[in-house]
Amino acid sequence: MSDTLAPFTTMVDLFDGRLDPERETAQRTLADLEGYFQGSSLSRSEVVYRVYGIPVPETNSEVACSTTVLEAGDIEGEYYMTKGHFHVERDRAEIYVGLSGEGRLVMATEDGRHAVEPMRRGTVNYIPGGWAHRSVNVGAEPLVFFAAYIGDAGHDYATIERRGFPVLVTRGVEGPRVIDNPSYGV
Ligand code: PAN
Ligand code: ZN
């Protein structure tokens, strides 16, 4: 029992995703996302997203969670998005709960299947093991969501950085469009 965690409570602002207490924050700028978009941007210091984490030991007996705040914007029509990743432990599942804004959750398996699901306040997206996942903000306001996953999942960014996702989400005249990624797997 000696290494059992004590219970604790965190407040989450259900609109802006901020946690109280705020324990661990990561931010990704356009510079961090270099090479992820088809186009390029002159701005490098702009923050694209922040992740507010509730750290727990990274074991398969804990549930890690965080909120993500993904800003609105695009680069040459490709909406702002997260890097996206597989879990290092490939079979580890995850749940996203939409808090505000409008997004798309792009998912893909290593053998090239893909799925795109809606994200908005009240959506509960189930990401099964084996599916890489990336959030895309297709609205005019920040996309905010809560994520919970098995503590030892780990994040494999390298595979996505190399291959990308099979599809891209771009700004069309009649709204967001899902198109084949011309650079997929290259
Ligand atoms: C999320 C993501 C978060 C940021 O908490 O880590 O939205 O996206 P990237 O990790 O792809 O930069 C999650 O899926 N955790 O497993
Ligand atoms: Zn994940």
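Both ligands and their constituent atoms are indexed starting at 1 by order of listing.
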Open item on the list: So, applying side chain to side chain contact (heavy atoms under 4.5 Å, CB included) with Asn137, which one of Asp74, Val48, Val69, Leu70 is it?
Closed with: Leu70

TODO: Non-hydrogen atoms closer than 4.0 Å to ligand 1: which protein residues do they belong to? List them by chain and number, please.
DONE: Tyr49, Val51, Ser66, Thr68, Thr82, Lys83, Gly84, His85, His87, Glu94, Tyr96, His133, Phe145, Ala147, Tyr149, His155, Tyr157

Open item on the list: A side-chain contact here means heavy atoms from C-beta on lying under 4.5 Å apart; do Ile127 and Tyr96 qualify?
Closed with: yes

Open item on the list: What I want to find out is whether Arg90 reaches Asp156 closely enough, with some N-O distance under 4.0 Å, to be called a salt bridge.
Closed with: yes

Task: Check: His133 ring centre within less than 6.0 Å of Phe165 ring centre - done: no

Open item on the list: By the salt bridge (Lys or Arg N to Asp or Glu O under 4.0 Å) test, which pairs, at least two apart or in different chains, include something from residues 5-26?
Closed with: Arg18-Glu22

Task: Side-chain (Thr170) to main-chain (Gly77) donor-acceptor, under 3.5 angstrom - done: no

Open item on the list: Quick one, Leu30 and Tyr36 - any side-chain contact, counting heavy atoms below 4.5 Å?
Closed with: no

- [ ] Sum up the protein N, O or S atoms located under 2.8 Å from the Zn ion (ligand 2).
- [x] 4

TODO: Can you run down the side chain to side chain donor-acceptor pair (under 3.5 Å) pairs that involve residues 111-124, sequence neighbours left out, and say none if there aren't any?
DONE: Thr109-Asp111

Task: Electrostatic pair Glu161-Arg163, nearest N-O below 4.0 angstrom - done: no

